[in-house]
Novice: 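First the structure, then my questions, so here it is.
All ligand and atom numbering here is 1-based and tracks the order in the structure.
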Amino acid sequence: MRVLILGIDGYLGWALALRLVSKNHEVYGMDNLSTRKAVEEIGSDSAFPLPAPEERVNAVKKYLDADIKFYKGDITDKEKLKEVIKESKPDVIVDFAEQRSAPYSMKDLDHAIYTINNNLDGTLNLIYLVKEIDPSIHILKMGTMGEYGTPNFDIPESAFIEAIINGKKDKIFTPRWGGSIYHFSKIFDSYLLAYFNQLFGLTITDIMQGPVYGSRIPEIVNESLRTRFDFDEVWGTVVNRFCVEAVLGLPLTPYGKGGQTRGFISLEDSVEALRLLIEHPPKQGEYRVVNQFMEIHSVNEIAQIVKEAGEELGLHVEIKHVENPRVEAEEHYYNPERRILESLGFTPKRFMREEVKNIIEDLLPYKERLERFKDVIMPKTKWRK
Ligand code: NAD
Ligand code: USQ
């Protein structure tokens with residue numbers, strides 16, 4: 001298949017590109033390099049050094065004997081996105097190209113506005129351009145499990161549910177409630193996708209994915225093929241952050257009570273699930289919602305898993321709860337449904353207990369590099385100032 005990946009320079013975009021070329025798909029990618037820039041701005045960097053996009057493309061040629069066509073550009077630039085879609089003629093467009101950090105979106109008004117504009121303008125451009133250029137293109141849009149929030153009821157895996165209000169029954173959009181402006185931008189994206197699916201009959205998969213962790217997929221056969229790996233207080237996600245903290249000898253940092261519970265997925269399982277969804281699109285004109293996570297854990301459980309893994313590798317690891325910079329439930333019910341990936345034959349391969357050991361092993365050779373970024377680890381970005 002011909003696949004266009006928007007946000008190809010990112011953590012998931014690059015890993016997916018490697019997976020798809022290794023399965024003989026034709027890969028095109030677009031990125032404005034905004035994550036690189038924003039991470040640099042807060043004085044941090046990817047844990048593993050990232051070659052420039054052109055060098056990454058050359059490394060794919062050298063080590064995997066495959067071609068990736070990279071376009072530098074912003075998907076909020078309608079003309080540029082149009083040119084890239086017309087040139088690449090994709091069967092499917094995977095959209096990762098969003099500001100994806102919850103803390104970044106909560107810094108102040110400017111960051112909130114940037115997040116909303118970047119994410120929603122990009123989604124609208126994509127919707128209108130697919131309709132204009134070729135409405136049969138499958139849009140695989142990356143949303144987030146965080147769109148559902150942490151309700152005190154089971155989380156379904158469907159676009160709509162039946163509700164009875166004052167004795168009258170109708171379908172309502174599956175309830176959503178964000179925990180940051182970033183999460184709300186994803187909620188608004190989903191409303192747009194569902195609406196334009198009804199209006200234009202577009203074919204869409206809207207993936208509700210939980211936090212991803214991991215540094216390895218088999219295609220990374222050389223350091224120059226590594227995907228980015230963030231760990232600072234703004235861009236790092238919890239499992240990857242805890243692994244870096246363990247390597248640096250810093251206490252692991254569950255926020256508040258640490259009962260915050262999410263559905264996690266390894267990088268390997270994430271790219272494999274995405275490949276499956278690309279190769280098994282929904283029916284033409286369908287809006288399909290997929291919940292993509294494999295293991296449910298609280299932040300306290302993750303801290304314990306990383307502590308044990310670190311100690312098995314000879315590290316001394318402590319856990320020290322810190323004041324929660326976010327506003328979120330710290331103890332709650334969490335029971336999301338997951339059936340679509342299984343129905344497509346998906347079985348997870350990498351689990352957190354083994355995978356965090358691999359992450360720590362991958363990070364250890366970079367300990368000296370990581371020491372330089374020690375002061376961007378403790379949380380500073382507060383939801384309520
Ligand atoms: P990332 O920041 O590493 O990758 C996103 C890429 O998109 C970056 O390279 C960035 O430069 C690019 N980008 C952003 N805005 C753009 C624009 N307007 N035009 C062109 N390029 C743009 O993030 P990631 O972790 O790879 O996440 C990818 C997607 O998956 C995001 O949409 C994110 O919300 C979602 N997601 C991530 C996780 C996770 O744990 N990492 C979990 C669930 C969902
Ligand atoms: N947390 C800690 N300690 C830390 C870091 C985080 O306790 O050092 C807690 C947070 O308070 C939160 C949970 O861990 O309760 C998850 O935080 P996170 O930073 O790992 O994830 P989040 O901010 O939700 O965002 C990440 C990605 C985002 C994606 C989302 C999936 O950055 O792009 O959409 O995971 S989900 O969480 O399902 O919405």
Side-chain angles (χ1 to χ4, degrees), residues 5-16 29-39 46 50 53 71-77 80-81 94-106 114-115 117-119 121-123 125 141-150 178-180 182-183 185-186 189 207-214 227-231 233-242 244-245 252-265 267 270 274 291-293 297-300 302-303 321-322 324-330 336 377-379 383:
I5 302 177
L6 308 177
I8 193 172
D9 193 54
Y11 178 52
L12 300 180
W14 186 247
L16 178 64
M30 178 169 174
D31 205 295
N32 65 355
L33 311 186
S34 54
T35 298
R36 287 187 189 232
K37 199 161 147 269
V39 173
S46 163
L50 279 192
Y71 299 88
K72 178 155 190 266
D74 193 316
I75 71 159
T76 67
D77 175 347
K80 181 69 190 172
L81 182 58
V94 183
D95 184 12
F96 292 133
E98 298 210 328
Q99 190 302 91
R100 72 113 181 104
S101 156
Y104 192 80
S105 75
M106 298 302 286
Y114 166 72
T115 303
N117 287 349
N118 186 62
N119 295 1
D121 291 1
T123 301
N125 277 345
K141 166 68 173 54
M142 186 51 89
T144 177
M145 278 301 289
E147 289 184 38
Y148 299 120
T150 52
S180 71
Y182 156 72
H183 287 98
S185 76
K186 293 282 193 189
D189 277 342
I207 305 170
M208 303 299 124
Q209 180 173 251
V212 183
Y213 62 92
T227 196
R228 64 171 310 113
F229 185 102
D230 292 296
F231 55 87
E233 58 112 9
V234 176
W235 293 91
T237 50
V238 63
V239 183
N240 292 352
R241 269 172 63 70
F242 284 2
V244 169
E245 289 169 347
L252 312 189
T253 53
Y255 295 162
K257 292 187 186 135
Q260 302 91 309
T261 301
R262 304 286 184 267
F264 293 86
I265 184 166
L267 184 62
S270 173
L274 290 163
N291 289 352
Q292 185 162 302
F293 64 90
H297 290 293
S298 70
V299 167
N300 282 336
I302 293 168
H321 288 251
V322 298
N324 196 341
R326 307 185 182 199
V327 177
E328 61 184 354
E330 294 178 0
I377 289 184
M378 284 306 274
W383 267 226

Novice: Check whether any N or O atom of Thr35, backbone or side chain, sits under 3.5 Å from an N or O atom of ligand 1, and answer yes or no.
Specialist: yes
Novice: Is Gln99 close to ligand 1, meaning an N/O of one under 3.5 Å from an N/O of the other?
Specialist: no
Novice: Is there any N or O on His183 that sits under 3.5 Å from an N or O of ligand 2?
Specialist: yes
Novice: For the pair His297 and Phe264, name the ring-plane relationship: parallel under 30°, tilted 30 to 60°, perpendicular over 60°.
Specialist: tilted
Novice: From atom 22 (C) of ligand 1, work out which of Thr227, Asn32, Leu81 has a heavy atom at the shortest distance.
Specialist: Asn32
Novice: Kindly compute the distance separating CD (Glu245) from CD1 (Ile377), expressed to the nearest 0.5 Å.
Specialist: 6.0 Å
Novice: What I want to check is whether the side chains of Asn118 and Glu98 have a donor and an acceptor closer together than 3.5 Å.
Specialist: no
Novice: At a 4.0 Å cut-off, with the gap strictly under it, does some heavy atom of Gly73 reach an atom of ligand 1?
Specialist: yes
Novice: Checking Gln209 against Ser270 for the side-chain hydrogen bond (donor to acceptor under 3.5 Å, both in side chains) test, could you report, in this order, the C-alpha distance in whole Å, the side-chain angles of both residues, the deciding distance, and whether it holds?
Specialist: CA-CA 9 Å; Gln209 180 173 251; Ser270 173; 2.7 Å; yes
Novice: With atom 38 (C) of ligand 1 as the reference point, say which of Met208, Gln292, Gln209 has the nearest heavy atom.
Specialist: Gln209
Novice: Using heavy atoms and a threshold below 4.0 Å, how should the contact between Asp74 and ligand 1 be classified: side chain, backbone, both, or neither?
Specialist: both
Novice: If you have a sec, work out which protein heavy atom is nearest atom 19 (O) of ligand 2 and how many Å separate them, to one decimal?
Specialist: Arg326 NH2, 3.0 Å
Novice: Of all the heavy atoms in Arg36, does at least one lie under 4.0 Å from an atom in ligand 1?
Specialist: no
Novice: Heavy atom under 4.0 Å from ligand 2: found in Met145's side chain, backbone, both, or neither?
Specialist: both
Novice: Considering heavy atoms of the protein only, find what lies nearest to atom 1 (N) of ligand 2 and give residue, atom and distance to 0.1 Å.
Specialist: Tyr255 CD1, 3.5 Å
Novice: Using a distance-only test with no angle check, is there a side-chain donor-acceptor pair under 3.5 angstrom linking Ser180 and Glu328?
Specialist: no
Novice: So, do Arg262 and Met145 sit near enough that their side-chain heavy atoms are less than 4.5 Å apart?
Specialist: no
Novice: Mind checking whether Thr237 has an N or O less than 3.5 Å away from an N or O of ligand 1?
Specialist: no
Novice: Of the protein's non-hydrogen atoms, which lies at the shortest distance from atom 26 (C) of ligand 2, and what is that distance?
Specialist: Thr237 CG2, 3.6 Å
Novice: Please state whether Gly236 comes within less than 4.0 angstrom of ligand 2, counting heavy atoms only.
Specialist: yes
Novice: Using a 4.0 Å heavy-atom cut-off, say whether Arg100 meets ligand 2 through its side chain, its backbone, both or neither.
Specialist: both
Novice: For Leu33, which part has a heavy atom under 4.0 Å from ligand 1: side chain, backbone, both, or neither?
Specialist: backbone
Novice: So for Gln209, does at least one of its heavy atoms come nearer than 4.0 angstrom to any atom of ligand 2?
Specialist: yes
Novice: Hey, is Ser101 one of the residues with a heavy atom under 4.0 angstrom from ligand 1?
Specialist: no
Novice: With respect to Thr253, determine whether any N or O atom, backbone or side chain, lies less than 3.5 Å from an N or O atom of ligand 2.
Specialist: yes
Novice: Check each atom of ligand 1 against the heavy atoms of Gly10 and keep those under 4.0 Å away; list them by number with element.
Specialist: 1 (P), 3 (O), 4 (O), 9 (O), 26 (O)
Novice: Give the residue and atom name of whichever protein heavy atom lies nearest to atom 16 (C) of ligand 2, and the separation in Å to one decimal.
Specialist: Val238 CG1, 4.2 Å
Novice: Heavy-atom distances under 4.0 Å are what count here, so tell me which part of Met30 touches ligand 1: side chain, backbone, both or neither.
Specialist: neither
Novice: Is there a nitrogen or oxygen of Arg228 sitting under 3.5 Å from a nitrogen or oxygen of ligand 1?
Specialist: no
Novice: Test your reading of the structure: does Ala102 have an N or O sitting under 3.5 Å from an N or O of ligand 2?
Specialist: no
Novice: Please say whether Phe242 places an N or O atom under 3.5 Å from an N or O atom belonging to ligand 2.
Specialist: no
Novice: Any idea which protein heavy atom is nearest atom 9 (C) of ligand 2, and the distance to it?
Specialist: Val299 CG2, 3.8 Å
Novice: Tell me whether ligand 1 is touched by Gly122 - counting only heavy atoms on the residue side and a distance under 4.0 Å.
Specialist: no
Novice: Does Tyr182 approach ligand 1 within less than 4.0 angstrom via side chain, backbone, both or neither, non-hydrogen atoms only?
Specialist: side chain
Novice: Does any N/O atom on Leu12 come nearer than 3.5 Å to any N/O atom on ligand 1?
Specialist: yes
Novice: Please determine whether any non-hydrogen atom of Ser270 lies less than 4.0 Å from an atom of ligand 1.
Specialist: no
Novice: Judging by distance only, is a nitrogen or oxygen of Ser101 under 3.5 angstrom from one on ligand 2?
Specialist: no
Novice: Quick one: look up the protein heavy atom nearest atom 36 (N) of ligand 1 and list residue, atom name and how far away it is.
Specialist: Met142 CG, 3.9 Å
Novice: Which heavy atom of the protein is the closest neighbour of atom 39 (O) of ligand 2, given with residue, atom name and distance?
Specialist: Thr144 OG1, 2.6 Å
Novice: If we only count N/O pairs under 3.5 Å, is Asp31 in contact with ligand 1?
Specialist: yes
Novice: Which residue supplies the protein heavy atom nearest to atom 33 (C) of ligand 1, what is that atom called, and how far is it?
Specialist: Arg100 CB, 3.4 Å
Novice: With a 4.0 Å cut-off on heavy atoms, is Tyr182 touching ligand 2?
Specialist: yes
Novice: Pairing donors with acceptors under 3.5 angstrom, does anything connect the side chains of Asn291 and Tyr148?
Specialist: yes
